[in-house]
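Some notes on the structure that comes next.
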Protein chains: 2
Amino acid sequence: MSAELLKKHKIRVTPFRIKVLSVFKKTHSALSLSDLESGIGEFDRVTLYRTIKTFLDKGIIHEILMPGDIKKMALCQDGCNTHLHDHKHLHFHCDSCQETFCIDLPAYPEIVLDGFDIKQIEIQAQGVCKNCG
Amino acid sequence: MSAELLKKHKIRVTPFRIKVLSVFKKTHSALSLSDLESGIGEFDRVTLYRTIKTFLDKGIIHEILMPGDIKKMALCQDGCNTHLHDHKHLHFHCDSCQETFCIDLPAYPEIVLDGFDIKQIEIQAQGVCKNCG
DNA sequence: TCATATTTGCAATTTTGTTGCATTTGTTTA
DNA sequence: TAAACAAATGCAACAAAATTGCAAATATGA
Ligand SMILES: [Mn+2]
Ligand SMILES: [Mn+2]
Ligand SMILES: [Zn+2]
Ligand SMILES: [Zn+2]
């Protein structure tokens with residue numbers, strides 16, 4: 001339940017935040033800013049920007065940036081918070097339907113680079129998704 | 001030489017384009033828009049936007065999008081063009097110096113996802129770079 | 001129910017990106 | 001090497017996106 005999620009992250013439960021979360025929960029794919037805007041209905045843009053910022057800070061949502069200037073957002077799984085914001089999953093963007101999905105991998109690739117201390121790896125894939133293929 | 005690069009991609013050799021390329025060639029890391037702006041000196045913003053668009057279209061530069069809304073650009077290696085814009089290298093962002101590097105990997109990871117037709121994979125890594133570590 | 005910090009909504013402003021158009025410039029051809 | 005012409009530039013106007021300050025509203029704990 002959305003109110004619980006907000007409480008868990010120690011921020012206040014407000015109608016606007018609940019509304020934004022409901023838009024996220026309604027879909028299986030990641031949302032662009034304009035997806036969100038049209039999902040919300042009437043809204044004040046400043047409040048939306050601030051809500052997104054808060055959700056990102058608190059580890060409630062994460063950003064997905066893909067080649068082609070595609071920028072989306074998706075709910076984090078349990079466990080993310082202000083300090084820990086790590087996702088061991090892949091982001092797939094479908095060139096056909098333009099949807100972006102978070103996909104868990106059976107095995108997350110390990111990469112070692114001499115001299116570099118790799119703290120986190122993100123994988124972005126493009127192609128044709130299950131639904132479109 | 002920069003003029004050759006432009007000719008290879010069938011676009012005209014102009015002072016502005018040469019200047020922009022020289023900024024890219026001066027550094028080993030990827031550049032943000034404002035890096036470019038300060039590197040160029042005086043410039044017209046419209047021309048810069050159009051130059052960037054042309055360079056992206058032609059496969060002269062590529063965009064790098066990293067978690068945290070980080071957006072940079074870097075020169076492509078030989079072989080990219082309007083139709084083929086694929087890079088088998090990793091993008092590493094250093095949390096300490098904030099620089100972003102294109103790094104060739106000895107072996108590029110293969111990923112298979114049931115039902116998905118993966119055409120391209122991008123890997124972004126974060127941590128501490130060789131210089132800072 | 002009250003006190004208070006948080007959140008919201010609005011106006012004003014700034015920053016970023018786009019469009020149209022006249023002028024200039026690079027390249028090709030004769 | 002001059003002329004022809006398409007491509008590129010620079011400027012002004014515009015449009016869209018994002019930020020800031022502040023007063024009013026509201027969620028929460030006491
Ligand atoms: Mn994700
Ligand atoms: Mn690169
Ligand atoms: Zn699809
Ligand atoms: Zn570094």
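Chain letters run A, B, ... following the sequence lines, proteins first, then strands; residues in each count from 1.
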For B:Leu36 versus B:Leu31, what's the shortest heavy-atom pair and its separation? CD2-CD1, 4.1 Å
Show me, pair by pair, the donor-acceptor contacts under 3.5 angstrom made by side chains of residues 53-60 of chain B, not counting sequence neighbours?
from: B:Lys53; atom 1: NZ; to: B:Asp57; atom 2: OD2; distance (Å): 3.4
from: B:Thr54; atom 1: OG1; to: B:Arg50; atom 2: O; distance (Å): 2.9

Output, in order, the C-alpha distance, side-chain angles, deciding distance and verdict of side-chain contact (heavy atoms from CB on, under 4.5 Å) for B:Ser96 and B:Cys129. CA-CA 8 Å; B:Ser96 168; B:Cys129 80; over 6 Å; no
Pairs flagged by side-chain hydrogen bond (donor to acceptor under 3.5 Å, both in side chains) wherever residues 104-114 of chain A is involved - sequence neighbours left out: none
Can you pull the ring pair (Phe, Tyr, Trp, His ring centres under 6.0 Å) pairs that have at least one residue in residues 57-79 of chain B, sequence neighbours excluded? B:His62-B:His87, B:His62-B:His89, B:His62-B:His91
Would you mind listing every side-chain hydrogen bond (donor to acceptor under 3.5 Å, both in side chains) that reaches into residues 4-15 of chain A, with sequence neighbours excluded? none
For B:Phe43 together with B:Phe16, are the ring centres under 6.0 Å from each other? no
Should A:Ile118 and B:Ile111 be counted in the same cluster of Ile, Leu, Val, Met, Phe, Trp and Tyr side chains packed under 4.5 Å apart? yes
Would you name the heavy atoms of A:Ile18 and A:Ser2 that are closest together and state the gap between them? CD1-CB, 3.8 Å
According to salt bridge (Lys or Arg N to Asp or Glu O under 4.0 Å), does anything in residues 16-25 of chain B pair up with another residue at least two apart or in another chain? List the pairs. none
Within residues 1-14 of chain B, those residues having any heavy atom closer than 4.0 Å to DNA chain D are B:Ile11, B:Arg12, B:Thr14
Assert: residue with more 5' nearest nucleotide on DNA chain C, out of A:Asp44 and B:Pro15, is A:Asp44
Sugar-phosphate, base or nothing in reach of A:Arg17, heavy atoms under 4.0 Å: sugar-phosphate
Considering non-hydrogen atoms only, spot the tightest contact between B:Val128 and B:Cys94 and give its length. CA-SG, 4.0 Å
Using rotation axes that map the C1' atoms of four end pairs onto the next four (five pairs an end), what angle separates the end axes of the helix from C:dT1-D:dA30 to C:dA30-D:dT1, to 10°? 50°
Where does the chain B footprint on DNA chain C start and end, counting 5' to 3' with a 4.0 Å heavy-atom cut-off? C:dT16 to C:dT27
Close residues, residues 46-63 of chain A, relative to DNA chain C [heavy-atom separation under 4.0 Å]: A:Val46, A:Thr47, A:Arg50
Which is the 5'-most and which the 3'-most nucleotide of DNA chain D that has an atom under 4.0 Å from a heavy atom of chain B? D:dA6 to D:dA12
Considering residues at least two apart in sequence or located in another chain, which fulfil the side-chain hydrogen bond (donor to acceptor under 3.5 Å, both in side chains) criterion with A:Ser32? A:Ser34, A:Asp35
Do the charged groups of B:Glu63 and B:Lys71 touch, with an N to O distance under 4.0 Å? yes
Output every pair passing side-chain hydrogen bond (donor to acceptor under 3.5 Å, both in side chains) with a member in residues 123-133 of chain A, not counting sequence neighbours, ordered by first then second residue. A:Gln124-B:Gln124
Looking at every heavy atom in both A:Ser29 and A:Thr100, which two are closest together, and how far apart are they? CB-O, 3.2 Å
